[in-house]
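Heads up: the structure comes next, in structure tokens.
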Amino acid sequence: MALATQTPSEARARSLRVRLIPYIDRFGILLLVLLMLAIGTITQPDVFLTWRNLSNIPGQNAANAALAIGMFVVIVTAGIDLSVGSVLVLAMMTTAVLARAQALPPILLVFVPILVGIGVGLFNGLGLTVLRLPHPFIVTLGTLNIARGLANLISGGVPISGLPSEVRFLGNGVIPIGDVQIPVSLVVIAVLYVGFWVFLQYTRTGRHLYAIGGNPQAARVSGINVERTLVLAYVLCGATAGLAGLLVAGRTNSGFPNAGIGAELDAISAVIIGGASFFGGRGSVLGVLAGVLVIGLLRNILNLNDVQVFWQQVLIGLVIILAVFIDVLRRRAGSASD
Amino acid sequence: MSLETRTPVIEARRICKYFGAVTALEDVSLKLYPGEVLGVVGDNGAGKSTLMKILAGLYPPSSGEILVEGKLVRFNSPKDARDMGIEMVYQDLALAGNMRIDENIFLGREWVRRIGPFKFVDNAASLRHAQEHLNKLKIEVKSVRQRVEELSGGQRQAVAIARATAFDAKVVIMDEPTAALAVKEVRKVLDLIKDLKQHGIGVILISHRLDDIFYVCDRVMALFHGRNFAEAPLAETNRNEVIGWIMGNKSPVAQAAKIFDLN
């Protein structure tokens, strides 16, 4: 209706802006990553950009990257999964206990953590949809305790070290290409993120997850099976948490019962820094990756500069608040100009 | 062709609906013919929305039958109803504000392209078909790529109607489509309903606004306390009588009597 009063060129400029906004939404966070790379280079020019330092970053952040992408799927539906840190440790300890008992051929052990994750995710999803617990906070708070308790029970609460090389491969292996050693965990994360990007952006179920986050009632009356789709979201989140457990187990060549304490908060932080909305329906896979990198680079740079670990916590907290505040400002500007 | 010999496109027979101890509908029947606009009126709590949600497959009836084109059907979900061409435009519109216009129009029935064993969403087809469909309905938007949250109330209503009519709808049920609209947008929505009628689509219109009812409807029926109360072709009734029905009075005289009877 306002269109009638615009000249064609104004209309074109406007529609160009309508087309550009999604890209700004998507790539704004990458500027933050570039800024951090610049800060790292400036403060530690001799160390930061070396392969030895950079090749550490994927390994250090692979577990959080895996947790964050699953968490993102759940947050897109306006949900939350507090249990991922405990799923990580339960997956890890189950695998370590089975490895110690030599109960399974080592190659099959690789699937154990994923299956454990799927199991807990299924429980979370059914708790939400079948038991109709009022908010995913509740059921996943329950499984946060249950899974960590189980992890301690099956392992007797003590670390188990020494895992078969098959189990360690994804978390610790390297693929030599010429002189360069590509960490397998980097490949795992790349495949995982591309897979989730295609899934969320280009499959009907992926789009339904966004629709449920936007308006579950709209999804329901459009014939989408909301309950089944939600269960799938929690299963995927559990599966990636299980994978994170496998990556940590591989990297440390052990299972230890204190793994993953507070990991759910790092994953949520990465998702939120990456621009996803806590209220669901918003955010992108690229944003999540950027969020993971922001946290990872922040820790790396602060470590290189010998900043106390407690200050890292303070700074990550500030980055979360800042990132969301910038998002609020941008949204306000966007709606004011319309 | 007289009404009696035609098959109703949708028919409800003796529908009852109980929510726990509460009786929302009791023995309610309804017929709608192709190309007909039926107005459904009634006070708040008369059971209009409940009846419509049953016809749209959102609620199962406690008892009673639904027939589509003379055949007995059973809806277990809105999807079943939509598959039979029964569409509903909800009062709160039920749109996902975070998604594009075309994604909302085709929500739950996305355009897909097969690549090997996998099916992927076909955005190009979705955008194109959405634009074509909006053109057909003479609905103007800046771009079908816009997110629905950027639209005005009238445009949102138009998107909701576009969704309901995107695939061979036989029946479109509208629950208070004009309640939240600016005056000039109301006319547009009502004209859209007339267009649907021209295309042979049956429309059920719930409205509190008698102006709407008398502008577009062929027939009007009233529910009162969850029961069929009265019904007439529009030509055989008038506003005062319909107002009386809403209040539970069969005739203007009775209505006046009730109003002035202080006992």
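Keep in mind that what you see is a predicted model, and the values were worked out from it rather than measured. In what follows, every chain begins at residue 1, and chains take the letters A, B, ... in the order their sequences are listed.
In terms of heavy-atom pairs under 4.5 Å with chain A, the best-connected choice from B/Arg163, B/Lys53, B/Lys119 is B/Arg163. Ranked by non-hydrogen atom pairs under 4.5 Å with chain A, the options B/Met99, B/Glu87, B/Lys79 are led by B/Met99.
For B/Lys31, the NZ atom is loosely surrounded, since the number of other residues' heavy atoms within 6.0 Å does not exceed 12. Enclosure of atom CZ in A/Phe137 is not indicated, since only 12 or fewer non-hydrogen atoms of other residues, nucleotides or ligands lie within 6.0 angstrom. Within 6.0 Å of OH on B/Tyr215 lie more than 12 heavy atoms contributed by other residues, nucleotides or ligands. Heavy atoms of other residues, nucleotides or ligands lying less than 6.0 angstrom from CG of B/Asn135 number more than 12. Heavy atoms of other residues, nucleotides or ligands lying less than 6.0 angstrom from OH of B/Tyr18 number more than 12.
Among the residues in residues 69-80 of chain A, none has a non-hydrogen atom closer than 4.5 angstrom to a non-hydrogen atom of chain B. Of residues 203-217 of chain A, those residues with a non-hydrogen atom less than 4.5 Å from any non-hydrogen atom of chain B are, in numerical order, A/Thr203, A/Arg204, A/Arg207, A/His208, A/Tyr210, A/Ala211, A/Gly214, A/Asn215, A/Gln217.
Counting all heavy atoms, side chain and backbone alike, B/Ala96 lies closest to A/Ala218 at N-CB, 4.0 Å.
Within the model, atoms OH of A/Tyr202 and CZ of B/Arg113 stand 9.0 Å from one another, a figure rounded to the nearest 0.5 Å. Of the inter-residue distances, the one linking A/Ser222 atom OG with B/Leu95 atom CG reads 8.5 Å to the nearest 0.5 angstrom.
Looking at B/Phe118, neither its backbone nor its side chain comes within 4.5 Å of chain A, counting heavy atoms on both sides. For a residue to count as touching a neighbouring chain, one of its non-hydrogen atoms must lie under 4.5 Å from one of that chain's; by this rule B/Asp80 does not touch chain A.
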